[in-house]
Amino acid sequence: MKNKIIAKATAVALTVFVPGIAIAGGPVDDELIIDGDINMITRAAPPEGHPLDEVLSGWLYRTEETRMLETDTFENPGMLEVEDGAELWNTVDGSAGKSCASCHGDAEESMAGVGASFPKWDEASKRPINVELQIDKCRTEEMGAKAYKFDAPEQKALTAYVKNQSLGTPVAINLDEGDMRSWWEKGNEAYYTRTGQLNLSCASCHEQNNGNYIRADHLSQGNVNGFPTYRLKQAALVSVHNRFRGCIRDTRAEYPAAFSDVLMALEVYVTWRGTGLSVETPAVRQ
Amino acid sequence: MSWKSRTFLACLIVGIPAVAAADALAPADVKFDDMSVSQSLTGQPGDPVKGRKVFADRKLGNCLACHAVADQKDQLFHGEVGPELDGAADRWSEGELRAIVADAKMVFSEETVMPGFYSLNVGADVRKNLVGKTILSAQDVEDVVAYLATLKE
């Protein structure tokens, strides 16, 4: 508990810190090594058909202070919610009297590398599902528990805990299963569709302008390898669909529902764009 | 009471500028000729002091999100998405500046990321309360253009 308060206080202090007038410059030349022994891949060769020359983690676009927080598990404020996730993993819930651990045992073994391969094709629902939806599937079908509400603290914590078991594993999704390719296509289309009164697409900011400042924000490639991500601004974990909705809202557009077809398609496509980057969950961003 | 003075009174009461929206050109009626809009959108001169504020205000032009300009060094954080605007008035005529602000796509290309500030050529799924509305009012555009016209080197 004491740790929690200290970490939250650090986060708040950092948000108030003003770095002064933004200076030009793309990604930094720096290496992300967590706890002195996990060498993270923050630069990767793009998969075939990718529009950029190099795939870069959002970590390379953050300030030194923010980057440092991610290099140490004890300083990473997102780890507190990951610990909540560990507790939920072992907590019995629902009419079947089971916890996640009843079926999957020790997450460090059973979940190692799993988070790096989502979204995945789900034959039953005939659509791709992400970790959040897989957890809901287990809860409703195996545990006799209710699906979580979107962005419930438990949903973010458990998703982050599962993904954290892949820390360092390169993102690699399987587009050969089911209809994944047509969802990739739909996501590709959404990525280049200009929305809102400001008339901007994901590509306007993250493809054409990554490395540039947009007012105080240093634009990255908008990769999702760090989600759920700890945002210093919000002092909490932020889910990937929350981030997508925020970016769409910023174009002054109506934003789609979480887990809707268009956001699932976008998650498939954007995850593919980050192929080869290490899973960083919980990444730390501003 | 004459029609004119009545409008004037009404404006005073609700606190809106004396130039009623009805006097302004509708976005669809703005004429682009050779990358230039020669006619004022309101028939009123722009106010460069107001324009300077509209330029920086995040809720209005938010031009600083994308453009740096030395004249506004007092503001933290200038963006880099578009070119620096020092000397913009040496490079562009007033009509061209009005065209760029009203609808940059008519001057650069459909591909530009610069939003059209007085245009209804917008993206998909515009937020409901903004449908049919422009980012800036016609007079805001005139004020910003008057401000840009001061950016000489």
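Here is how names work: the chains are called A, B, and so on, in the same order as the sequence lines, proteins then strands, and each is numbered from 1.
- Heavy atoms of A:L198 lying under 4.5 Å from chain B belong to its backbone as well as its side chain.
- In this structure, chain A has a heavy atom under 4.5 Å from the backbone of B:T134, while its side chain stays farther away.
- Aromatic rings of A:F150 and A:F259 (six-membered ring for Trp) have centroids within the 6.0 Å cut-off, being under it.
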In sequence, state the C-alpha distance, the side-chain angles, and the governing distance for B:D143 and B:Q139, and then conclude on side chain to side chain donor-acceptor pair (under 3.5 Å). CA-CA 6 Å; B:D143 293 346; B:Q139 192 57 45; 3.1 Å; yes
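- Among the candidates A:R252, A:Q208, A:R249, the residue making the largest number of heavy-atom pairs closer than 4.5 Å to chain B is A:R252.
- Using modelled atom types, one finds a donor on one side chain and an acceptor on the other under 3.5 Å when comparing A:T66 with A:T63.
- B:D23 and B:Q44 form no side-chain donor-acceptor contact under 3.5 Å, judged by distance and modelled atom types alone.
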